[in-house]
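Each remark here refers to the structure printed beneath this line.
In what follows, chains carry the letters A, B, and so on, assigned in the order in which the sequence lines appear, proteins first and then strands, with residues in each chain numbered from 1.
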Protein chains: 2
Amino acid sequence: MTSVNDASQTDHVARLLGEALRRVRQEILSTSEEHFPGLRVSHYRLLELIPPEGARITDLAEVALMTKQGLGQHVDYLQKLGYTTSDRLPEDRRVRLVRRTTTGDAAVAYSHAAIARIEQTWSTRLGPTRYATLRQTLQELGATP
Amino acid sequence: MTSVNDASQTDHVARLLGEALRRVRQEILSTSEEHFPGLRVSHYRLLELIPPEGARITDLAEVALMTKQGLGQHVDYLQKLGYTTSDRLPEDRRVRLVRRTTTGDAAVAYSHAAIARIEQTWSTRLGPTRYATLRQTLQELGATP
DNA sequence: TATTGTTATACTCTATAACTATA
DNA sequence: TATAGTTATAGAGTATAACAATA
C-alpha cells in the first residue's frame, strides 16, 4: 500500500496538521497574558475577522462558522475586557455593529506577529522556497470545496 | 468585498492549517455515529495511540499530551461503550493496562479510512507528487522541536 | 411574519487539586 | 515516601431551544 493508504503508524495527515497547529497556538499563548489579559486563541481568531468599519454578529458568526449565540458570548466577553465596542445601528436598531477598539487592533497585530514568527521559523528551517510551496499548497486545498 | 474581512487579511498559516484540519474532522464525523456510536474525534485520537499489547494510563497521557485525569475520563467512557477493556497488572496492582477491543480496533480502522479518503482527495487534487511533498514537509516540521 | 440578537441550558474537552491504593 | 490512578470541581468552547425586540 502507498503511504496515502497506510496510516497505521498514526503518522497520518491529521496528526501532522494538528501538531503544526498546536505550535502556532502555543506561540500565540506564550506571551499573550502579559500583553492582552483574558485573551485566548479563540478570541484572537474572532478579533481578526472584524473589519475596520465593524460587522454584525450574524455576519461574524457566518464567517467564523459558529452560531450567533456562541459568537455573541465571545463578543460580550471581548467588550467587557475593552477589546471591542458595539452600537445599535440607527437605521435598524436590531443590529449591533461590533468594532475593535485600539487595544483590539493591537491584539490582532500581536497575534499576527506571533504567527509571523512561526512562519519565519519554518521558512528558515525548510528554506524559503519549500516553505512557500507548503503555504501555496495549503491555500489551494483551502480554496477548493 | 463583503462587510466582513476577506481572506487576504487573515490568510496566515494558522487559518490554512485550521481549515485543513476541520475537513479531516468533518470526514471522520460524517458517518461516525452510525458505525461507532458515541465516538468523537478526541476518542479516535486516543484509541489509535493504544498499542496491541495495551498501555498504561500514565503513558497514554504523556503521548497524548494530556493529564492522566483527563485521559482517564476518556478511558472510562470508551470502556463503558465497549471500545476498550482494562485489567490491573498482577505484578503492580496500581497499574491499569488499557487495551482495545475488537470494536475498538474497527473504530481505529474506520478513522484511518476516513483520513485516507481525505488524503486521496487531496492527492488527486494536487497530483501525487505535490501531495507527497506537502506531507513530507509537514512531517519534517513536526520532527524538529 | 421574518430577522437580529439574547437568555437559558447543556454537552464536550481538558485542566487543577485533593484523594486512595499500592509499591 | 513515591507512584498509578480516581474523585471532585471548574473553566473554555460551542451548541440547541426558546425568547424579545425590531423591521
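- Residue A/H74 places at least one side-chain N or O under 4.0 Å from the OP1 or OP2 atom of D/dT14.
- For the pair B/R93 CZ and C/dA23 P, the computed distance is 7 Å after rounding to whole Å.
- No hydrogens or angles considered: nothing links the side chains of B/Q69 and B/Q73 as a donor-acceptor pair under 3.5 Å.
- Ring orientation note: the planes of A/H43 and A/H74 are nearly perpendicular, at an angle over 60° on the 30°/60° scale.
- Among the atoms of the strands shown, none is found under 4.0 Å from any heavy atom of B/L60.
- For C/dC13, one of the phosphate oxygens OP1 or OP2 lies less than 4.0 angstrom from a side-chain nitrogen or oxygen of B/S42.
- The side chain of A/R45 contributes an N or O atom lying less than 4.0 Å from OP1 or OP2 of D/dT14.
- Nearest heavy-atom pair, B/Q139 versus A/L16, reported as atom, atom and distance to 0.1 Å: CA-CD2, 3.7 Å.
- We find that NE2 of A/H43 is positioned 12 Å from C1' of D/dT14, with the value rounded to whole Å.
- Rounding to whole angstrom units, CE of residue A/M66 and P of C/dT12 are separated by 17 Å.
- No donor-acceptor pair closer than 3.5 Å links the side chain of B/R125 to the backbone N or O of B/Q120.
- Nearest-nucleotide positions on DNA chain C place B/Y77 closer to the 5' end than the other of B/G70 and B/Y77.
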Scoring nucleotides 1-7 of chain C by protein non-hydrogen atoms under 4.0 Å (B base, S sugar-phosphate only, - none) yields -BBBBBB

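- Rounded to whole Å, atom C1' of D/dG13 lies 15 Å from atom CG of A/L65.
- A donor-acceptor pair under 3.5 Å is absent between the side-chain atoms of A/R56 and the main chain of A/V98, judged by distance alone.
- Among all heavy-atom pairs drawn from B/A14 and A/I115, the shortest one is CB-CD1, 4.0 Å.
- Rounded to an integer number of Å, the gap from CG of A/L29 to P of D/dG11 is 18 Å.
- The side-chain tip of B/R25 does not point at the ring of B/Y44 from less than 6.0 angstrom away and within 45° of straight on.
- Here D/dA12 presents its P atom at 17 Å from CD1 of A/I28, a figure rounded to the nearest Å.
- Rounded to whole angstrom, the span from the CG atom of B/L39 across to the C1' atom of C/dC13 amounts to 15 Å.
- What separates CG of A/L71 from C1' of D/dT14 is a distance of 11 Å, to the nearest Å.
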